[in-house]
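One structure is given below, encoded as structure tokens.
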Amino acid sequence: MLVNQQGSVKQAELLPEEMLEIMFTYAAKISGENDLDRLLVLMAEMGRKWIQADRCTLWLLDEERKVIWTKVADGLERVEIPHPAGLAGHTILSGETVLVKDAYKDTRFNDAIDQQTGYQTKSVLCIPIRNFDGTIIGAYQAINKMTGTGAFSDLDVKHLQFAASYMGKSIQAALLHEELVETQKEIIFRLGEVGESRSQETGQHVKRVAKYSYLLARLYGLSENEASLIELASPMHDIGKVAIPDSILEKPGKLTSEEFDVIKTHTTTGYHIFKGSKRRILKIAAIIAHQHHERWDGKGYPNGLKAEEIHLYARITGLADVFDALASDRIYKKAWPLPKIIQLIQEEKGKQFDPLLADIFLAHIDQFVEIKERYTDVVKEDSI
Ligand code: C2E
Ligand code: SIN
Ligand code: SIN
Ligand code: FE
Ligand code: FE
């Protein structure tokens, strides 16, 4: 029996108008959300309040990886458990609703999570979630009923089923949205690699430049949304190198000034590839490709733009790109030790680099080094 803070033995079930109010509040939030992770958090919250459970989780099935996964709160990583296991696994596999009064007396229950967290599961309700064609895509799991006898009732089953049928559509839309976003990201990275791979790199360079650019944008104070756009567009900064002959790009030694003039065209080539696009990310990619070798003092290329004439996004990616180029082996140079890189950024502050960005970068250098280490590959991805 559960005791609330006032010491009374039980709380009342929600009144119909209270249930409606919860429904309307969450319906508005849910319909405006297409981020899958945030949707899962919202739906779990709604289910928990709706049937007065202590916890509620919306598990989604990843058939390929044989896991079910969820997101328990904003900002935290996704949680996953092997599939099929436990009561949620049983529901997803069989399509049956599971209503259990005492989980520890049920052999299907998997106490691994309780073991880890010290939480005591008692009553459990699991119902399947289906997509349009009836395929089971996950399960709604409520744990520990907070009112009455502490067990979930048939009415709770009905209520949660109602919520689940309403949510299936939103989840389906969010899954599709996520698939599109992931596909778009992959195309961007693969496209970006085309420019880089010929200069003896493994594709991790463009990923790192994307991550540094995102971090620098956030540290500078740009919104999550804007920083994400830069993250997506920055991998394509060197796409124009596709048009540079191997004899120049892969020359082990120092370039002649004629050869360097050819190299310089990679900025305008990249710009021309994207400039006609009406898509926001590709417009940004055009700007970054065009301006990432401009310098704060106006001595860069292709147009000798100065200071704030250079788009902020290009100043951000430009600094990220140089940091990574210096920190990596190139066909024409060895990686520099960190102190030498720091010294260069310091010296070039206000010359090559936006002084404010350079200061921010140096103040958080550890975080950039951490990205460099995390995204440095040992084997070439293609060799698998
Ligand atoms: P990248 O290798 O991605 O280098 C990007 C930028 O990082 C360079 O732009 C430069 O600003 C900076 N950077 C890289 N290595 C060094 C260095 O040793 N010292 C200094 N101070 N800065 C460095 P940049 O110079 O406009 O070069 C653009 C691209 O041209 C390079 O991209 C690379 O693909 C090519 N490149 C430049 N120099 C040579 C070279 O001597 N040999 C060959 N084969 N390619 C070169
Ligand atoms: C189960 O469904 O039995 C395991 C998952 C959980 O306890 O949350
Ligand atoms: C190089 O280091 O050989 C080229 C980079 C630069 O412009 O200094
Ligand atoms: Fe470049
Ligand atoms: Fe680059």
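Counting convention: from 1, in listed order, for ligands and their atoms alike.
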Worksheet item: Do any N or O atoms from the side chain of Glu33 and from the backbone of Asp35 form a donor-acceptor pair under 3.5 angstrom?
Response: yes
Worksheet, complete the sentence: Here the atoms of ligand 1 under 4.0 Å from any heavy atom belonging to Ile248 are 44 (N)
Worksheet item: Do any nitrogen or oxygen atoms of Lys251 come within less than 3.5 Å of a nitrogen or oxygen of ligand 1?
Response: yes
Practice prompt. Give the atoms of ligand 1, by number and element, whose distance to some non-hydrogen atom of Gln352 is under 4.0 Å.
Written response: 11 (O)
Fill in: Asp238 backbone or side-chain N/O/S under 2.8 Å from the Fe ion (ligand 4)
yes
Worksheet item: Taking the minimum heavy-atom distance to atom 27 (O) of ligand 1, which of Trp336, Phe323, Phe260 ranks first?
Response: Phe260
Worksheet entry | the Fe ion (ligand 5): angle it makes with NE2 (His205) and OD1 (Asp321), nearest 10 degrees | 80°
Worksheet item: Hey, does Tyr301 come in under 3.5 Å of ligand 1, counting only N/O atoms on both sides?
Response: yes
Fill in: ligand 1 contact by Ile244, heavy-atom criterion under 4.0 angstrom
no
Worksheet item: So is Glu348 close enough to ligand 1, meaning a heavy atom under 4.0 angstrom away?
Response: no
Fill in: Candidate with minimal heavy-atom separation from atom 5 (C) of ligand 1, of Ile341, Asp321, Leu326, Leu344
Asp321
Item to complete: Under the ring pair (Phe, Tyr, Trp, His ring centres under 6.0 Å) rule, collect the residues that match up with Tyr313, sequence neighbours excluded.
Response: His311
Item to complete: Take the angle between the ring planes of Phe323 and Phe368 and call it parallel below 30°, perpendicular above 60°, tilted in between.
Response: perpendicular
Worksheet item: Can Arg295 be said to sit on top of Phe353's aromatic six-ring, NZ or CZ under 6.0 Å from centre and within 45° of the ring axis?
Response: no
Discussion item. Just to be sure I read this right, does ligand 1 sit under 4.0 Å from the backbone of Leu255, its side chain, both, or neither, counting only heavy atoms?
Written reply: both
Item to complete: Tell me whether the centres of the aromatic rings in His272 and His290 are closer together than 6.0 Å.
Response: no
Practice prompt. Please lay out, stage by stage, how Lys185 and Glu182 fare under the test salt bridge (Lys or Arg N to Asp or Glu O under 4.0 Å).
Written response: CA-CA 5 Å; Lys185 271 192 202 164; Glu182 290 306 313; 3.8 Å; yes
Worksheet item: Below 3.5 angstrom, do we get any N/O pair linking Arg330 and ligand 1?
Response: yes
Discussion item. For the 3.5 Å polar cut-off, considering only N or O atoms, please tell me whether Lys333 and ligand 1 meet it.
Written reply: no
Fill in: ligand 1 contact by Asp324, heavy-atom criterion under 4.0 angstrom
no
Practice prompt. Run through the side-chain heavy atoms of Ile, Leu, Val, Met, Phe, Trp and Tyr, join any pair under 4.5 Å, and report what else lands in Leu305's cluster.
Written response: Ile310
Discussion item. In the structure I gave you, are the side-chain heavy atoms of Arg280 and Lys283 within less than 4.5 Å of one another anywhere?
Written reply: no
Discussion item. Is there a polar contact, in the sense of an N or O pair closer than 3.5 Å, between Tyr332 and ligand 1?
Written reply: yes
Response to the item:
Any heavy atom of Lys264 under 4.0 Å from ligand 1? The part involved is neither
Discussion item. Does Asp321 form a side-chain hydrogen bond (donor to acceptor under 3.5 Å, both in side chains) with His205? I'd like the steps, not just the answer.
Written reply: CA-CA 9 Å; Asp321 181 38; His205 167 64; 3.3 Å; yes
Discussion item. Using a 4.0 Å cutoff against the non-hydrogen atoms of Leu249, which atoms of ligand 1 qualify?
Written reply: 44 (N)
Worksheet item: With under 30° as parallel and over 60° as perpendicular, where do the rings of His292 and His266 fit, or are they tilted in between?
Response: perpendicular
Worksheet item: Below 4.5 Å, heavy atoms only, C-beta onward: do Leu36 and Lys71 meet side chain to side chain?
Response: no
Worksheet item: Quick check: does His292 put an N/O/S atom under 2.8 Å from the Fe ion (ligand 5)?
Response: no
Worksheet entry | Whether Gly253 lies under 4.0 Å from ligand 1, heavy atom | yes
